[in-house]
Amino acid sequence: MALRFFNTLTQQLEEFAPLGPPVVRMYTCGPTVYHYVHIGNFRSFTFQDILRRWLRCRGYQLQHIMNITDVEDKIIRNAMAKNQSIGEYTAQYEKAFLEDSALLRLERPERFVRATEHIAEMIAAIEALAANGHTYQSEGSTYFRIASFPTYGRLSRLHIEGMQAGARVDVDEYEKDDARDFVLWKGRREGEPYWDSPFGEGRPGWHIECSAMANKYLGETLDIHTGGIDLTFPHHENEIAQAECVNHKQFVRYWLHAEHLIVEGQKMSKSLGNFYTLRDVLDRGYSPEAIRYRLAAVPYRNKLNFTFADLEAAETAIERLRNFDLRLRTGKFSEGKCPEVSARIQKARLDFEGHMDEDLNTAAALGVIFEYVRETNAAMDSGQFCGGNVEEAHGLLGLFDALFDVLKPTAKEGGLSDAEVEALVAERQQARSARDFKRSDEIRDQLAAQGVILEDTRDGMRWKRK
């Protein structure tokens, strides 16, 4: 089955074919580092992680760029309030983003790019736009004239015929359907950081940052551009206008957008008291794996209703998968290979791959995995699962975890390594054999304090982490 994605630009499911296979050139709108990143942002970043992992599973190589927006309105306002440079202010939140991403097991893109390190590229792009007649200056700032780009609005299905001539917007973010000429270079303002340019002292607007950096590292035409659905307009619409007016080529072939995350059925907002960063959720005792599982479980083009009850369910689902993995690794099975089990595993694998190929349908893919686990556990219980089936059964579980990455518990700081756990378990077994129950209980309690659970099964004693 061919790999297909829903392209926001065409509003259709399209077979994916990169320009220069096997390499996929992909750009991701990364965080604006003015605060800790909230779980709604991490919904988009988790989708992008699943996307890059599945592309690699399908044999592609990634040339993936993610930007770090470290200069824009909110950053400047907050840095000035704290009497810090923008570099000092943003460094703490960039560091926090990388730490949080690692906790959620998000793979790093091939390159992070900071806006402040690419001012020269942004100036060059604005100069090219000016030379092509797409800009004008007003009150010290330089603006993009959207009337000079007749196809403006095609990504977001925005009609601009009734736009007031000369209306322009100076802020980095503005409301949907508020189509206006947008700022490319903001003239210097008292107390704000600034750079020299042919258009005067000032700083770049937010939108020019991404198109300039994407073109620098990925060329004139990208295979994939991703982001949250809220970025479709104005940010991505403006990126298209800027890049295509500079290069006279299609900027992006496949636009993929993740839908909003809501909390307990409501829009996330500080006023409602339901605004959560990743750290807020972790502080409530939930594991990073459960949060990752929940963010990935709903297909990216569907709204995700984030509830703490669903996080509890995610913890339970992961525990079920870990128990199955443990049973595969430690169970005692008869020799040989059961053809019926092999056939079920192969079918489950094809079904899993088919759902992922169809626009990353993670919910359907998870459904396949849990049905497979149920059927295989039943086969084990009835003695119809053989030792020769273990490798292929683990292979499918491995494919699942190459994407969802939730089977291995997050190691606790200062916790025991697997080797140390094994040594203590062996010592406990010796103590039990010697009827030294005091020492046996001490080791059991020591392991429990480290989140290690001991289980007696018909195949013998085994251990697992919480």
Side-chain angles (χ1 to χ4, degrees), residues 29 32-34 67 69-87 89-90 114-153 156 158-213 215 230-231 233-246:
C29 280
T32 300
V33 284
Y34 71 99
N67 76 296
T69 297
D70 59 352
V71 55
E72 55 87 66
D73 292 340
K74 293 187 292 292
I75 289 172
I76 291 172
R77 183 171 61 246
N78 293 356
M80 290 175 65
K82 290 183 175 289
N83 197 30
Q84 293 179 322
S85 70
I86 59 173
Y89 180 78
T90 59
R114 296 184 186 89
T116 53
E117 296 175 356
H118 295 82
I119 303 297
E121 287 81 3
M122 298 169 202
I123 290 173
I126 298 170
E127 287 185 300
L129 289 170
N132 292 335
H134 297 288
T135 72
Y136 63 90
Q137 290 192 303
S138 177
E139 298 178 357
S141 295
T142 301
Y143 293 86
F144 182 93
R145 193 190 312 274
I146 66 173
S148 70
F149 185 55
T151 58
Y152 186 91
S156 54
L158 184 67
H159 301 289
I160 64 170
E161 290 83 358
M163 190 195 82
Q164 180 184 349
R168 59 184 180 270
V169 61
D170 197 47
V171 294
D172 286 331
E173 300 176 58
Y174 46 96
E175 294 302 314
K176 188 170 178 61
D177 298 333
D178 188 14
R180 303 184 187 184
D181 296 342
F182 57 90
V183 68
L184 296 166
W185 187 263
K186 295 189 177 188
R188 179 181 177 183
R189 295 175 182 172
E190 187 64 33
E192 289 192 355
Y194 67 91
W195 287 262
D196 292 325
S197 83
F199 342 106
E201 295 174 339
R203 66 175 179 88
W206 173 39
H207 310 295
I208 194 65
E209 296 175 3
C210 282
S211 51
M213 292 188 291
N215 284 155
D230 55 307
L231 296 179
F233 181 87
H235 186 51
H236 291 163
E237 199 71 71
N238 293 351
E239 279 190 60
I240 291 173
Q242 293 162 158
E244 296 191 2
C245 287
V246 168

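FYI, the numbering just counts along the sequence from 1.
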| For Glu192, side chain to side chain donor-acceptor pair (under 3.5 Å) partners two or more places apart |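 Glu192: no side chain to side chain donor-acceptor pair (under 3.5 Å) contacts found.
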
| Do Val183 and Trp206 pass the side chain to side chain contact (heavy atoms under 4.5 Å, CB included) test, and can you show the C-alpha distance, the side-chain angles, and the key distance before you say yes or no? | CA-CA 8 Å; Val183 68; Trp206 173 39; over 6 Å; no

| message | Strictly distance-based, threshold 3.5 Å: is any side-chain N or O of Asn67 a donor or acceptor partner for the main-chain N or O of Cys210? | response |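 No: the side chain of Asn67 does not pair with the backbone of Cys210.
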
| said: Whether the side chain of Ser141 engages the backbone of Gly187 through a donor-acceptor N/O pair (distance < 3.5 Å, no angle test) should be reported. | reply: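 Present.
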
If I compare all heavy atoms of [X] with all of [Y], which pair ends up nearest, and what's the gap?
X: Val246; Y: Ala125; answer: CG2-O, 3.7 Å
X: Tyr143; Y: Ser138; answer: CE1-O, 3.8 Å
X: Pro198; Y: Glu127; answer: CG-OE2, 3.2 Å
X: Asn132; Y: Cys245; answer: ND2-O, 2.9 Å
X: Ala79; Y: Ser85; answer: CB-O, 4.2 Å
X: Met122; Y: Ala115; answer: CE-O, 3.2 Å

| query | Using the benzene-type ring in the case of Trp, are the ring centres of Phe149 and His134 under 6.0 Å apart? | reply | no

| query | Less than 4.5 Å apart, any side-chain heavy atom of Glu201 and any of Trp195? | reply | no

Once rounded to the nearest 0.5 Å, what's the spacing between atom [atom1] of [X] and atom [atom2] of [Y]?
X: Leu129; Y: Ile208; atom1: CG; atom2: CD1; value: 5.5 Å
X: Ser197; Y: Ile119; atom1: OG; atom2: CD1; value: 10.0 Å
X: His118; Y: Met213; atom1: NE2; atom2: CE; value: 6.5 Å
X: Lys186; Y: Glu72; atom1: NZ; atom2: CD; value: 8.5 Å
X: Asn238; Y: Leu231; atom1: CG; atom2: CG; value: 11.5 Å
X: Thr69; Y: Glu209; atom1: OG1; atom2: CD; value: 5.5 Å

| note | Checking Gln242, Glu244, His236 against Ile240 for side-chain contact (heavy atoms from CB on, under 4.5 Å), the one that qualifies is Glu244

| message | By the definition side-chain contact (heavy atoms from CB on, under 4.5 Å), identify the one residue from Thr116, Ile75, Asn78 that meets it with Thr90. | response | Ile75

| task | Indicate yes or no: does Arg188 engage Asp196 in a salt bridge with an N to O separation below 4.0 Å. | result |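 A salt bridge is absent here (no side-chain N lies under 4.0 Å from a carboxylate O).
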
| task | Decide side chain to side chain contact (heavy atoms under 4.5 Å, CB included) for Leu184 and Thr135; before the verdict, give the C-alpha distance in whole Å, the side-chain angles of both, and the deciding distance to 0.1 Å. | result | CA-CA 9 Å; Leu184 296 166; Thr135 72; 3.6 Å; yes

| query | Can a cation-pi geometry be assigned to Arg203 and Tyr194, taking NZ or CZ under 6.0 Å from the six-membered ring centre and within 45° of the ring axis? | reply | no

| task | Apply the ring pair (Phe, Tyr, Trp, His ring centres under 6.0 Å) test between His207 and each candidate in Trp185, Phe233, Phe182, Phe144; give the one that qualifies. | result |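 Among the candidates, only Phe182 passes.
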
| message | The test is side chain to side chain contact (heavy atoms under 4.5 Å, CB included); show your working for Phe199 and Gln137 and say whether it passes. | response | CA-CA 8 Å; Phe199 342 106; Gln137 290 192 303; 3.4 Å; yes

| request: Take Asp70 and Tyr34, measure what side-chain hydrogen bond (donor to acceptor under 3.5 Å, both in side chains) needs, and give me the verdict at the end. | output: CA-CA 8 Å; Asp70 59 352; Tyr34 71 99; over 6 Å; no

